[in-house]
Structure formats: C-alpha cells, structure tokens
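Below you'll find the structure, written out as structure tokens, and then a few comments.
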Amino acid sequence: MSNLQFDDVSLRFAGGARPAVNRVTCQVSSGEIVVILGPSGCGKTTLLKMVNRLYEPTGGNIFLDGTNIRQLKATKLRQQIGYVIQQSGLFPHMTVADNVAVVPKLLGWPRPKIQARIDELLDLVKLSPGEFRDRYPAQLSGGQQQRVGIARALAGNPAIMLMDEPFGAIDAITRTALQDEILRLQGQLKKTILFVSHDVEEALRLADRILIMRLGEVVQFDTPFNLLTKPADEFVHTLLGADDMVRQLGLLRVSSAMMALPPNYSNGHNPTLSHLDSLRDALSLILKTGAPALTVLAEGNPVGLLTLDHIRESAVNGR
Ligand SMILES: Nc1ncnc2c1ncn2[C@@H]1O[C@H](COP(=O)(O)OP(=O)(O)OP(=O)(O)O)[C@@H](O)[C@H]1O
C-alpha cells in the first residue's frame, strides 16, 4: 500500500524565468503505473525528483500515504522508494551482486538474507545469478545493466518505484522486451510506479494512467483509452498521434476496451487472448478465426469479453 498525493506542487529554480513545475495537483493510487509524458523540458524529471526529495518544492506539498514527506527524513524516505535512471547508475567498481545489495546493507539485513535476496532479484529480472552475480557493470549489455538497475531498485522491497526514462538509451527491440518485463513484474509485485518517458508508445503500453505535462503544468491525467478518445486539447491530440487509427489499435491494451464477463458466463468456444495484448492483436484474431467474440484472460483466468463492436468503438471514438 502506497499512494502519493501532489497538492499544488511547484518548483521554481533560482534564476528560472518560470517555474519548472507549476501547481501540480494529482493523486497516484497504490499499485498504479503512472507515466509522466511530455516534451523535453516540461518538468517531468523535476516532478519525479521531488518525490524522493532530491529536489524540494518551492510551493505545495507531497503526501505519501497521507504523511507530508517534508516530515520524513530524506534518507529514510529514499529507502522506501526504488529509483531507476537512464544510465542505470550502477557503481562501476562494484559487482552486480554488490550493486543489488546496496540498500539491504544500508537497512542492516543479515548477510544470508542479503545473499538470498540478490539471487531472488536476479532471477526475477531474468539474469541467471550463477552467470551474472560476479560481473562488473562494464561486462553487461545496456539492457542487462537496466535489469540490474531494476533489481537494485527493488532490493529493499520499496512500495514505490520512480523510473526516469529507464529505457531511453536502449535499442527499440530490447526496450520493448524490458517494457514487457515491467508489466510482468508489476503483475507480481503491484508497486506504485511513477515512470518518466517522452516516448508516446512506451507511455501507452505501460501506463494505467498518463500524466501529460507541458511547460511545467499538467494538461491531462487520464487512462490511455480516455486520452486517445477524449484528448483535452489539440496539444494532447497531436502528442498522442490520435489520428492514426491502426497505430492506435496497436497501442491500446485489450483491457481498455473489453466488457466485464456476464454473471452467467461459461467458458464457451471463444478464442482467447491476454489482457495485455493490443486491440490490433484482437482484431487480427477476430478476422482470422471469424469468431464473434474473444475471451480475455489474465493470468490464465477469463476476465472479460471483446467483440468487433468494442474494437470499432475504440477506433471510431479515437478519431
Ligand atoms: N537543477 C536545475 N537548475 C535550474 N534549472 C533546472 C534544473 N533542472 C532542470 N531545470 C530546468 O527546469 C525545466 C524542467 O526540466 P526537467 O529536467 O524537469 O524537464 P524534463 O521534462 O524531464 O525534460 P527531458 O525530457 O529533456 O529530460 C527545464 O527548463 C530545465 O532547464
């Protein structure tokens, strides 16, 4: 459990012509992935860094589970918050194992617990401990470094993860694999994640909700589906490229358009697909099988139904 509340939060850097973050008010629910999206310089990183008090707001307050974070010691606060940045930020002179162990050591965990945690986390991010434990960051690919960065951020079991363009410097194919990894991990771990990105496709794939910023202010804060179908203004519409229907179907998750299972639902002969698949995947499955409806699965269990009408509605509303 960890929710975050931004209450009229601003930050004007000394000498800044305008506030880098201007009067941001919003609430991030426990277990939610919120992607902060917007053009370069709009204040995304500044907003994120106020959560772990690398920056202090010049106005307003941030609450963590109802407690004003100004009342918490910065070091204590940071131990509750995982932080992943673009260049992984791994200590180059430390092995993978030692990098992952940084926070557990700070927390004073006993040695056997730390060693077990290192193996558990490396397994979790799909790096075999036997192979990777004793390597140094320079002996890893960019994608592997980011996996270690994620393992390190998760090490103290924080309820909140701050991720600042963690995949920004990674090639497109690896980036997609790492995004899938985040969604898989989130299915297991249910962290509250604030994720900065300037990549629209990444935001639409990952986010439960997207916070769109421009010139330090929040322009719109809503689900990918609502942003695409009801953009607040031309800026949001253009930023999301909402004109391209096929692209849009490729970016929206099945779960955004499905309907709930009727109470008397019995698993009939519908083809099935995952709630994380895109509406474009759903459309191809309907076209390929000729089935009138698809059953949507999450962790193998039916959670919703999807028909051609639902898909058409998403596409038409989004234009
Ligand atoms: N330490 C600082 N001192 C002064 N101004 C700063 C500082 N950090 C950021 N700024 C300014 O604040 C504004 C917001 O910067 P920020 O890094 O939050 O933007 P961003 O949206 O994360 O951009 P990008 O996508 O390029 O990383 C910019 O105008 C930037 O120049």
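Counting starts at 1 for both ligands and their atoms, in listed order.
Shortest contact from atom 26 (O) of ligand 1 to any protein heavy atom: Ser40 OG, 2.6 Å. Of the protein's heavy atoms, Thr45 OG1, 4.1 Å lies nearest to atom 27 (O) of ligand 1. Counting protein heavy atoms only, atom 12 (O) of ligand 1 is closest to Ala20 CB, 3.3 Å. Lys44 NZ, 2.8 Å is the protein heavy atom nearest to atom 25 (O) of ligand 1. Closest protein heavy atom to atom 23 (O) of ligand 1: Gly41 N, 2.8 Å. Of the protein's heavy atoms, Phe13 CE1, 3.3 Å lies nearest to atom 10 (N) of ligand 1.
Proximity of the aromatic rings of Tyr55 and Phe13 is defined here by a centroid distance below 6.0 angstrom, and this criterion is met.
When the shell of 6.0 Å around CZ of Arg135 is examined, it contains more than 12 heavy atoms from other residues, nucleotides or ligands. Heavy atoms of other residues, nucleotides or ligands lying less than 6.0 angstrom from NE2 of His275 number more than 12. Summarising the local packing, CD1 of Ile173 is surrounded by 12 or fewer heavy atoms from other residues, nucleotides or ligands at distances under 6.0 Å.
Atoms of ligand 1 lying under 4.0 Å from any heavy atom of Glu165, numbered from 1 in the order shown and given with element: 25 (O). Close contacts of ligand 1 with Tyr55, meaning ligand atoms under 4.0 Å from a residue heavy atom, involve 1 (N), 8 (N). Close approach of ligand 1 to Thr46 (heavy-atom distance below 4.0 Å) involves ligand atoms 14 (C), 15 (O), 16 (P), 18 (O).
Note that atom 31 (O) of ligand 1 has no protein non-hydrogen atoms nearby, at separations under 4.0 angstrom. In this structure, atom 4 (C) of ligand 1 has a protein heavy-atom contact shorter than 4.0 Å.
Residue contacts with ligand 1 do not include Gly38, since none of its heavy atoms lies under 4.0 Å from the ligand. In this structure, Gly43 counts as a contact residue of ligand 1, since one of its heavy atoms falls inside 4.0 Å of the ligand.
For the pair Arg152 and Phe91, the cation sits on the ring face: its NZ or CZ lies under 6.0 Å from the ring centre, inside 45° of the axis. Cation-pi geometry between Arg78 and Tyr83 is not satisfied (NZ or CZ under 6.0 Å from the ring centre, within 45° of the ring normal).
Between the side chains of Gln220 and Arg214, no donor-acceptor pair of N or O atoms lies under 3.5 Å.
Counting heavy atoms closer than 4.0 Å to ligand 1, residue Met213 contributes nothing at all.
Checked options Thr295, Thr307, Thr289; the residue passing with Asn270 is Thr295 (criterion: side-chain hydrogen bond (donor to acceptor under 3.5 Å, both in side chains)).
In this structure, Val84 and Pro166 approach most closely via the heavy-atom pair CG1-CB, 3.9 Å.
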